[in-house]
Amino acid sequence: MIDNDRMTDYVMELIKIDSISKREREVALRLKSDMEELGGECLFDDVGKIVNGNTGNLIVNIKGNSRNAPPLLLSAHMDTVGPGEGIKPHIENGIIKSDGTTILGSDDKSGLAVIVEVLRTLKERNIAFGDLEIAFTICEEIGLLGARYLDVSRFRSKHGFVLDSSSPTGLVVKCPSAEDIEFIVHGVEAHAGVCPENGISAIKLASEAIAKMKLGRIDFETTANIGIIKGGIAVNIIPNIVQVKGEARSHDQEKLKEQVTHMRKCFHDAVLKHENISEGKAPQPSLEEFIDRSYDKMDVAPSSKIVKLISQAASNLGHNLELHTSGGGCDANYFNKKGIECVNLGTGMKELHTVNEYLVLEEFNQAAHVVLETIRLNALQ
Ligand SMILES: [Zn+2]
């Protein structure tokens, strides 16, 4: 029933509209006009102001024609990572890809396009469905900020799903908690050639800390990374400041706490070692730390209503839906935390966050069929 060609044309159009995090306005306005054409009631919330972006989340209410069906939340994010400006998508052997100089942005334009195409189909085919509450979010890629600050009291839905993962036959039900971690090491500036003994290198100190740190895959459910280091102004100056940013994630809260404590200890030990070298004589190195819970884990039970509903939809279409655990967070982490039971269904997007990103059209179409069937089944309850 889905018009695959129309949906492909639409996702190509959305991909061509730049929407790097905090600059989603243009794509939001396009969605708003298309939603209004489909009878949607649209509003922008004020989260754009909180995150300093050029638009808020776009919230759309679509009145269903089946009075007794429970309302359902659908969501996809409007922002992309970079390099994502001037994307030139093309179709080749059943996939959409960029010209190789940018990401594709099927993450998450494919999710947006599936939602719009399913709504078009529901209306055209006069299929019975309950009220749909749609959240087109901003700033997912920079810490799920749109969902983090979204006021869910405006929603009546008790369950729903986001379209923001890879496989339309793999439902993500478990995502980890994550901590953002930042260290600022203060050393002592000195001329590197004339009086290096008067200096304490913040870069050397930070590198000693990082060298001792357990990073990468810590165990099957825990990971950690140092992703950004900034510091130093000239080769002949002993650097007095360096900023180090990283993260830790785990499906287990205790393990997450342990990993963060370990990362902090590596920096504390490095600072302490230099204090000892200088025998307590001023000046001393020092450390600032900023630890921020980026998001809490989600863990939706296989017996939950939404998992059963989507599994039944997939099965009606002849697919066997697998339940997946992800190492990444998504907007559903926040929806679950705020009391809306939410899972994450894939749309066929692959090699995300790289210039090799591509969208498999067959899976993209399959995702739309699963979503349509899920909404249809929801109205039969
Ligand atoms: Zn995404």
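As the structure lists them, so they are numbered: ligands from 1, and atoms in each ligand from 1. Bear in mind the structure is a predicted one, so any value in this text is a computation, not a measurement. When a residue number appears, it is its place in the shown sequence, counting from 1.
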Tell me yes or no: between the side chains of Ser250 and Asp252, is some donor less than 3.5 Å from an acceptor?
-> no

Name of the Asp164 N, O or S atom nearest the Zn ion (ligand 1)?
-> OD1

The Zn ion (ligand 1) reached by Cys330 (N, O or S, under 2.8 Å) = no

Asp107 backbone acceptor or donor facing Glu357 side chain under 3.5 Å | yes

Is there a donor-acceptor contact under 3.5 Å from the side chain of Asp3 to the main chain of Thr121?
-> no

Distance-only criterion, 3.5 Å: show the donor-acceptor pairs between side-chain atoms of residues 133-141 and protein atoms not counting sequence neighbours.
| unit_1 | atom_1 | unit_2 | atom_2 | d |
| --- | --- | --- | --- | --- |
| Glu133 | OE1 | Arg156 | N | 3.0 |
| Glu133 | OE1 | Ser157 | N | 2.8 |
| Glu133 | OE1 | Ser157 | OG | 2.5 |
| Glu133 | OE2 | Arg156 | N | 2.9 |
| Thr137 | OG1 | Asp331 | OD2 | 2.6 |
| Glu140 | OE1 | His77 | NE2 | 3.4 |
| Glu141 | OE1 | His353 | NE2 | 3.0 |
| Glu141 | OE2 | His353 | NE2 | 3.3 |

For Asp107, the N, O or S atom at the shortest distance from the Zn ion (ligand 1) is OD1

